[in-house]
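Any value given below was found using the heavy atoms of this structure, including those in side chains, with hydrogens, waters and symmetry copies removed.
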Amino acid sequence: TKLALLQFTPLWIIAAFVMLCVIYIVRSGLEVIGRLTELWLPILLFATFLVPFILLRDFNYQFMQPVFSTGMLPVLKGSFYVVAYIGEIVALPFLIGYSIFNLKTGIKGLLIASAGLIILNVSMILSLGSHIISSEIYPIYEMIRQLRLTDFIDHLELPIIGLWMPSMIVKISFSLF
C-alpha cells in the first residue's frame, strides 16, 4: 500500500492501523472473521470476475507464450507462492471442528478461489505480458491501473484496493487466530 497509494505516509503508521484492525478482529473471535468474510466475499468475487471483462479489449493474445518454454522449474517456483493461500483450507477443520466442517463446501470454496486466482493471473499475462509482470512488485496493481471504463471514468485502482485491503486484513486475522 505504501508503494502504490500512500507514498508519503510513514510505513509504521500504515502498519499500526492494520495491526490495530487485526488485533480487534482476532480478539472478537472466529465468528467476526466469518461474518467479515461473508460481507466482503461477494463484493470481492464480483470485482475479481469483473476486472477481466473490463480489460477484454486490452488483451494481447501474443503474450500467451508457451508456458513450459523455459522448463518446468520456473513454473514450480511460481506456484510455490500460491500454495500458502490455497493451503489454508487445511486449517479450517482444526478451527471450527471436524464435525461441523463440510468437506464438499470446503472444496467448492477452494475451487472458486483457485478459479479467481487463475483468471486474475491469465488476465495479468494477457494485458501486461510476462516481461512487465516479472519486473513489477505489485503486477495486479499495474493491471488495475489500466482499467478504463470510458474516457472520463478511470483510476479505478482506489475502489479495487479499497475492496482488497479489508480482505487482506481478514486473511491476516484468520492466520493469527
Just wondering, more than 12 heavy atoms not from Phe17 lying within 6.0 Å of its CZ? no
Which Ile, Leu, Val, Met, Phe, Trp or Tyr residues join Leu20 in one cluster when any pair of side-chain heavy atoms under 4.5 Å counts as a link? none
Quick check on the hydrophobic clustering: are Leu120 and Phe46 connected, directly or via other members, by side-chain heavy-atom contacts under 4.5 Å? yes
Do you reckon Ile119 sits in the same ILVMFWY cluster as Leu50, going by side-chain contacts under 4.5 Å, direct or chained? no
Check for me, please, whether Leu36 and Val18 land in the same ILVMFWY cluster - side-chain distances under 4.5 Å, paths through other members count. yes
Applying a strict under-4.5 Å side-chain criterion to I, L, V, M, F, W and Y, I'd like to know whether Ile118 and Leu126 cluster together. yes
Between Met124 and Val122, is there shared hydrophobic-cluster membership here, with clusters defined by ILVMFWY side-chain heavy atoms closer than 4.5 Å? yes
Ile54 side, atom CD1; Ser127 side, atom OG - distance, nearest 0.5 Å: 12.0 Å
